Protein chains: 2
Amino acid sequence: MGIAERKEREKEEMQKLILDTATKLFLEKGVEKTSMRNIADAIEYSPGTIYLYFKDKSELFDAMHVKGFEIFFQYLSKVMVIEDPMERLEQLGIQYLTFVIENPAYYDMMFILRTPMQAKHNKEEWNPGDRSHQVLTSTVADCKRAGYFKDQNPEVVSFMIWAQVHGLASMFIRERMKFYPEDKREELLFEAKHTFMEILRRF
Amino acid sequence: MGIAERKEREKEEMQKLILDTATKLFLEKGVEKTSMRNIADAIEYSPGTIYLYFKDKSELFDAMHVKGFEIFFQYLSKVMVIEDPMERLEQLGIQYLTFVIENPAYYDMMFILRTPMQAKHNKEEWNPGDRSHQVLTSTVADCKRAGYFKDQNPEVVSFMIWAQVHGLASMFIRERMKFYPEDKREELLFEAKHTFMEILRRF
DNA sequence: AATATTTACTGAACAGTGTTCATTTTTTTT
DNA sequence: AAAAAAAATGAACACTGTTCAGTAAATATT
C-alpha cells in the first residue's frame, strides 16, 4: 500500500506548508491582522482548503504556540547544566530576556496574548507553561538547598521571580517603556534584572 | 443665546451616553468583541451617529483609558500621604494590586492591551502612564534619601519595582497562574509582593 | 406663519473578517 | 473505461469598522 503512505506524507507536507506560512504571517503582521484568506493566498489554495487540515484559526495559533515553546526551551537549555544554582538562576533570566528580545512576537503570543477568537483551548492535558514552571521551581529548590531563601516558601519565591522577569518582558514588548529612550530600553531590561538578582543573592 | 448652551449640553450628554455605554460593554465583553453596532443598538441610535461624536473606535477606547487612570489614581492617592517612604512604597503596591483585582478589565486595557485597530495614538502629549511613573520614582527617590537602595540607580530600581508588580498583575489577569488553585491566586499575589518588599527593605 | 437654513441622524453600501458546504475537479479503485 | 473516493473550490452567511448621500428635525429668517 504505497499510495496510502504517500498520501499520508502529502497530508503532512500540506499541514507543514500551511502552518509554516501561517507562522510566518503571524509573526510578521500579528495574529489578528493575518486573515485566513491571507494565508490561503500565500499558499495559493482556496480559503476552504485550510479547514481540511486545521479545524479553525485558533488551532493554527495553538500549533504555533507549541513551536514557540520548543524554541524557548532551546534558550533555557543552554544554561540548565550550570552547577551553581544561583548562577544558573541568573543565566536562566538572561536567556529568558534574550528570547524575548530575539523573538518578541513569539513571546507575545505565548505569554501575553489570549487565544484569538473564543478561548476554546481549556485542555488541561499538556500545558506548555507547566514545563517552564518546572525548570524554575527546581532551580529555586536547589537554591534553597544551597542556603538561599531561608524561611521562604519556595512556591512564592518562584512565582515572584517569574513575575519579575515576565513583568520586564511584557513592559518591553507591549511598549510601556516610552519614558525611556528607545536605544536604552534593552540595556535597562538587563540592568533591572541584574539588580533584582543582586538583591536576591543577599537574601 | 440659551439655545447654543443647551445644544452644547445635549452634545456632552450624548457623548457621555455613548462613552458610558461603550465602557460598560468593553468591560463586560472585551474591546475586540464589542462592535460599534453593539454600542449603537444599546443606545438605540444608528451606527453612524457614534461617528458624529467620536472619530473612531480607538478614540472611544482612549477616552475610557483616561477614565481608567482617574480611578487608578484614586487607589494610589489613598496612601500617598504616608510619611515613611518605604511604608508608602509597600502600600502603593498593595493599592496597585487591589486596583487590579477590583478592576481587572480596566487594568488589562490600560497596561496590557495594545490600541485596537491601528496603533494611531502616538501622541506624545499627555501619556497617562507618565503620571503613575512619577508617583513611583518620587517615592523611590524618597527611599534613597532615607538610606535605602545605596549605590543603586534609582531609575533602574523604579523600573524593576514596577515590572515586578506589573508582572504579578498581568500573570493574574492573563491567566498564567493555572498551576495554582484558583482560590489561592489572589493570596499568592499579595504574598509574592510582600516577599519582594521584604527583600527590598534589607537592601 | 411660512419658508429657508442649519444641524442631527439614518441606514445602505464598501471592503474586509472566520467559517461552512454544495459543487466541481482530481485521484484511486474496480 | 466506469465507478467510487478523496481533495479542492469558491460562493454564501453573518459578522466587522467606517463612510456618506439622503432624510428628518430643529432653528433662523423673512
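Sequence lines set the chain letters: A, B, ... in the order given, protein chains first and strands last, and positions in each chain run from 1. All figures in this text were calculated on a predicted structure; none of them were measured in a lab.
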Once base and sugar-phosphate atoms are separated, protein heavy atoms under 4.0 Å mark nucleotides 4-10 of chain C, 5' to 3', with B, S and - as ---S-BB

Close side-chain approach of A:Ile101 to A:Glu186, heavy-atom, < 4.5 Å = yes

To the nearest angstrom, how far is A:Phe54 atom CZ from C:dT20 atom C1'?
-> 19 Å

Between B:Glu10 and A:Arg37, who's closer to the 5' end of DNA chain D by nearest nucleotide?
-> A:Arg37

Salt bridge B:Glu12-B:Lys16, side-chain N to carboxylate O under 4.0 Å = no

May I ask you to decide whether B:Glu90 forms a salt bridge with B:Lys193, counting only side-chain N to carboxylate O separations under 4.0 Å?
-> yes

Round to a whole Å and report the spacing from CG of A:Asp41 to C1' of C:dG18.
-> 15 Å

Salt-bridge criterion met for A:Asp20 and A:Lys67 (N-O under 4.0 Å) = yes

Please give, in whole Å, the distance from C:dT20 P to A:Lys57 NZ?
-> 14 Å

For the ring pair A:Phe159 and A:His166, is the centre-to-centre distance below 6.0 Å?
-> no

Of all residues at least two apart in sequence or in a different chain, which pass the ring pair (Phe, Tyr, Trp, His ring centres under 6.0 Å) check with B:Phe99?
-> B:Phe72, B:Tyr75

Mind checking the CZ-CG spacing from A:Arg201 to A:Leu89? Nearest 0.5 Å is all I need.
-> 8.5 Å

Starting at atom CD1 of A:Ile50, determine the distance to atom C1' of C:dC21, rounded to an integer number of angstrom.
-> 16 Å

Find the distance A:Asn38:CG to C:dG18:C1' and express it as a whole number of Å.
-> 12 Å

Out of D:dA26, C:dT27, C:dT19, which nucleotide sits closest to the side chain of B:Arg6?
-> D:dA26

Compute the centroid of each ring, for A:Tyr53 and then for A:Tyr45, and state whether the two points are separated by less than 6.0 Å.
-> no

Of D:dG17, D:dT16, D:dA12, the nucleotide closest to the side chain of B:Met36 is D:dG17

If you fit an axis to the five pairs at each end of the helix from C:dA1-D:dT30 to C:dT30-D:dA1, how big is the angle between those two axes, to 10 degrees?
-> 30°

Rounded interatomic separation in angstrom, taking CD from A:Glu32 and P from C:dT17 | 13 Å

How close or far is atom P of D:dT19 from atom CG of B:Asp56, stated in whole angstroms?
-> 8 Å

Determine, for A:Arg6 against A:Glu10, whether the closest basic-nitrogen to carboxylate-oxygen distance falls under 4.0 angstrom.
-> yes

How close or far is atom P of D:dG10 from atom OH of A:Tyr51, stated in whole angstroms?
-> 16 Å

